Each structure stands twice: as structure tokens, then as C-alpha cells.
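Let me begin by presenting the structure, written as C-alpha cells, before commenting on it.
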Amino acid sequence: MTVRVRFAPSPTGYLHIGSARTALFNYLYARHTGGKFLLRIEDTDLARSTEESTRSILDGLAWLELDHDEDIVFQSDNADKHRATAKKLLAEGKAYRDFTPKAAPSVANVKDAIKDRARAAQGEKNMRDNQYRDLSNDESNARAAAGEPFAIRLKVAATGKTLFEDAVYGIQERSYAETEDLVLLRSDGHPLYNLAVVCDDIEMQITHVIRGQDHLTNAHKQVLIYEALGITPPTFAHLPLIMAPNKGKLSKRKHGEVVSMTTYRDAGFLAAAFRNFLALLGWSAGEEKEIYSLDELIEKFALDGIHRSNAIFNFTENDPRRWTDDKAQWMNAEYIRTMPLDELISFVKPELKAAKLWREEYEDDDKSWFENTIKLIRQRFFTLKDFSSQGRAYFSEDYDFDPVAVEKNLSKFPDLKTWLPELADRFEAEFGEAESVSSPHVSKGSVAYTEENIESVVKAFTEEKGTKLGVIMNGARTLLTGVAVGPSMLSLFETLGKERSILRLRSQVVWNV
RNA sequence: GUCCGGUUCGUCUAGGGGUUAGGACACCGCCCUUUCACGGCGGCAACACGGGUUCAAAUCCCGUACCGGAUACCA
């Protein structure tokens, strides 16, 4: 039997981190087993479902490259089938009409209201005391024919228990007494979640239901429906939940952007890195290894490596440096500095394009210069965004000066105002005239413009001025790149090229601010 | 309340009767680098608690505490 799994989000918001991981695990399991990964949009709650959410979820999945097989199923399209199933159960006496008037929709906090009611019942509630449960067929039919509204409830046996083996949590038992006669069909004819899920999973021939642990009790209800239908339930695998740093619920409302997949895409994360991070949240291959390619994840993924305890997604609100999980950030930086250069460049290109820093020459005449530059600066970058922000001075003459860097490396040494242009003269004398900035990498001087030669020129110059090398180097770095941090000054001079280095050494703009 | 689950460094986790309880991130120190990183080396840091079982318990059993989930004519 080939494995068929599904990711079934309800479109009530963007794809958040927990759902993304559920999708990932489903995807990995399907690919690992050579099965199918299906997508079903559970849009039966018309009031809350939006097309925009659906699109956003699809975007998130696309970014993570979790491509699904077969057509997307929209649950609302199957409402008639769900209703038919409920009617069938009713006809077979496995469900009954409940003529109890629908309770007024409870106010503000539905969750709390339910909890309060449950607590008030003190565990003495009899789940089988519905007065319509054993209504005669004739009377039930008569009332229905008379137009009296009714919900359809599953007739759960008074004694016994549901039992299934969860692939993650093991044997799960629940006494029938704990389970109400769940509503299958609302009095307005609207099919409810558990019915819809079971019907669709059957129709889609789902073999493994991999979803959040918050559905564990739903699994019991669903097993009941499967039993009533006489169909063997799929294998369930419930996933531990991803919690906020305070161990509380990670919610869109409370935590906002940090839980949204689009945030990571827009912040310059690599899908591969984020996937890798997500995979390790609640699952482990049981080895001391952190970096896994997609192929490796697919190869190693197994249900028995999934944990039973919740994991915390660690981040610090209002801390720009810790706005998201440290490990996710590290993972992304690790990918940026170690992934194949070609691959990285395919992501850097759109980033530079978006920042209007891209030039076609980077794939043509200046290809090797571009590659070397990326290789040089990727070492200290964390996200794709860094290439257009911190890396701006490499791709444009129009870059900003960090006031702190200027103060620390330039203003403190007023001599640099004349020294740096002098150094430019020295470069010119040594390496030849600056021709133009259009081909900054081409060096035409008598002496080769290499790190080694640059070093001796700078060193001689430093001695002559009776200053420290650091003063010159740091001053030049700030003048040439606008910031106090960056690659070694020598490789910076070389990478920027003779012409651009000379031009920038002579620049007086920063002194006039 | 009831039912279900969980609990190993701050975080993600390995281990599952005998280990100096391992790794990663974060943090700290040293080296490298006349910057900042990267890299290298090192450090800090954990088996929730109480009872059993056993020669031996982080590991098995029971209980307690704490945390989480569920408990709808929501999904």
C-alpha cells in the first residue's frame, strides 16, 4: 500500500511556524516512503476562511519548496458528500436527530466558556443523556418532516472505549464515557470538522494522518466515525507542539510576525536553512549532526524519531538581534557561508536586483570579480538582506556612512583627511593611473595591484607618517565601505579594485558632514 | 473539574539499567586577525521532586509537583 499523507490547514491566516513544520513532516514522510503528499484546504468555516489566507499558505509552502502531489482539495467542495454520509449514518441508526434548539453563540471568549462549563459539570456529566437519542424513528421523521430544525449527532455507545496506536504517542485509549455524542451535521445542514475530515481522508485514501498533538482527542472522535462507517482508520501520528518562550501558546495574535513563514522569506532567510531548522524542532535522527540537506532529511526521516514533548521556539521580543530563534539565525548564516557559490548567487541576484544594485556584467565581464566578492563577504553575513545592506558599498558608489564608525575611525584622526588622499596618490604612482570605474577589477599599473603589494605600500606609507597601521587600515575601511566592520583591509582594497579604491580614498564627502 | 500527554544544560537535543551524562545554538575566555566576523582551542551549564524495584536508576514502576493539550451545532 502506498503512503498517502495530507497537509490540511484551515485558511484563517498566514502559514505559521507550527503548520509549516506539520507540512514539512508530512512532506518528508511522503518522500521518504515514496508516497504522495496531498494538500487540502479546510475552508468549511466560511466566516473565518479567506482566499487571501489560502494564497498566503500556498506562498509559504512554495517558499519552503514543499510541493504537493495531485490537485488541491477544497473541503467546502465536498459538503454534499459529508451531508450524505451523515444521512447514511442516520438511516442506519448510528446517528440521531437532536432537536435541541441551538444554544446562543457564546460571547467573547469561547474557549473559557467551554472550559468553565466543563469544570462546572465536575466530571459527572452523562454524555448519553440527550433526550432525543432514543426517540422513535417515526417521531423523529415526523418532527423533521414538520420542519423542526435538528442537528445530527453520532450515537456513541454507552460502554466501551476507542483505541488506536499513535505512531508517536503510542497506544491511546479513551472511554466512550469521555466522548459526547458529537455533532456531525449542524442544524443548518453545515457539516462539522470531524465528519468532514474523516470523509475527506477516506475519499483521498489517506494512510497516515500526521498533525499537531492538539488533535489527539479528535482522533478518538474520528475513530468513532470510522467505526460507524465500517472503515479502518488511517495511522495517526501526532506531533508535539511548538511553544512560545514562556511555554505558552505561540499565537499569531500575540507574537505576530515572528511566527509567520513570509517573515522569514522577507527577512532574507534561505528556505533550505529554515527547513533544516524546522525539521530539528521535534524530530531527530539520533545523531550528532545539525546540517541536513533536503535529500538527507528525506532519507533519514522516520516517525519514530519524533518527540513526545513540546519544543520552545526561542526568541526575545523587542531585541532586534534576538528577534527570532538563535539557532535559526545561525543555521541561515551557516548555509550562506557554506552552500555552493552558484546556488548562493542565484539567491543573491534577486536580492541585489530588488535593491537596484544588480548589473548584468556580474554574469558576464565581471563574473569572476562578482564571485570573489560574494565569496569574501558571505563569511560574515546572516541573511540574504545583508548583501544589499551591509554589502552595498561593494556594488554601488552610493553608500551611507555609519556615524559611529566615522567617529571612531576617521574623526578621531583628523590627519587622515589629507593622508588618505595621499595614499591614493601613492597607489597611483605605484600601480598606475586610475582609468575608470567601469571596470574596477582591471588593473593596468606597472606593479600588480595585489594584496601583497598593497600591503607593502600601505606599510611604507604608515611608517613615513609615523602612525599605526591600524589607524590607516580602519580609517580606510570606514571611508571605503562606510562601516567599521568587514573583511581584511587588504582583500577589501583588492576586491574593490584599484580605481574604486583610489577614488574613494580621495573622497572628501565624509569630512564635510 | 475530567481525560490525555510531557519533564536531560538558558534553548534545540543525544543517551534509555553501570557514561567523566555527548553534541549544537547562545554566553564567556584564549589563539588567529592591527577591524568585525569566520575558523581553531577551551570554559560555564542539565537528568523536576519523593518513594520503590535492583548489586547498580537519568534510564524501569508508583506517587507528587509543574507545564502543555483537549473538553463547541470552531477548525
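Within every chain, numbering begins at 1; the chains are lettered A, B, ... in the order of the sequence lines, protein sequences first and strands thereafter. Computed from a prediction, not measured in an experiment: that's the story for all the values here.
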Report the residues that fulfil salt bridge (charged side-chain N to carboxylate O under 4.0 Å, His left out) with [X], sequence neighbours left out, ordered by chain and then residue number.
| X | value |
| --- | --- |
| K249(A) | none |
| R211(A) | none |
| K252(A) | none |
| E371(A) | K367(A) |

What's [X] touching, base or sugar-phosphate or nothing? Going by heavy atoms closer than 4.0 Å.
| X | result |
| --- | --- |
| G282(A) | sugar-phosphate |
| T44(A) | sugar-phosphate |
| E290(A) | base |
| R321(A) | sugar-phosphate |
| Q172(A) | sugar-phosphate |

Output the rounded distance in Å from CD1 (I306(A)) to P (U13(B)). 12 Å
Between C1' on U7(B) and CE on M243(A), what's the gap in Å once rounded to a whole number? 13 Å
Do K459(A) and F461(A) meet the cation-pi criteria used here (NZ or CZ under 6.0 Å from the six-membered ring centre, within 45° of the axis)? no
Looking only at N and O atoms, is any donor in the side chain of N218(A) or the base of A75(B) less than 3.5 Å from an acceptor on the other one? yes
Tell me whether the side-chain N or O atoms of T217(A) pair up with the base of C4(B) as donor and acceptor below 3.5 Å, since no angle test is needed here. no
Atom pairs under 3.5 Å: protein N/O with N/O of nucleotides 14-20 of chain B:
residue : atom : partner : partner atom : Å
A14(B)  : OP1  : S284(A) : OG           : 3.2
A14(B)  : OP1  : H307(A) : NE2          : 3.0

Pairwise salt bridge (Lys or Arg N to Asp or Glu O under 4.0 Å) hits with a residue in residues 307-318 of chain A, at least two apart: none
Separation of the P atoms in U20(B) and G68(B), to the nearest angstrom: 37 Å
Classify the ring geometry between F313(A) and F315(A) as parallel (under 30°), tilted (30 to 60°) or perpendicular (over 60°). tilted
Checking [X] now: which residues fulfil side chain to side chain contact (heavy atoms under 4.5 Å, CB included) with it, not counting sequence neighbours?
| X | result |
| --- | --- |
| S140(A) | R97(A), F99(A), L135(A) |
| A196(A) | Q75(A), H82(A) |
| D129(A) | N126(A) |
| T462(A) | V458(A), T467(A), L469(A), I472(A) |

For the side chain of L281(A), starting at C-beta, report the closest nucleotide among C74(B), C12(B), A26(B). C12(B)
Base paired to U59(B) (Watson-Crick or G-U; both N/O distances under 3.5 angstrom): none
For nucleotides 8-11 of chain B, which of its nitrogen or oxygen atoms have a protein nitrogen or oxygen under 3.5 Å away, and what is each distance?
residue : atom : partner : partner atom : Å
U11(B)  : O4'  : N314(A) : ND2          : 3.2

Closest-nucleotide 5' rank along RNA chain B - winner of G248(A) and E178(A): E178(A)
Contact state string [nucleotides 31-41 of chain B, B base, S sugar-phosphate only, - no protein heavy atom under 4.0 Å]: ---BBBBSS--
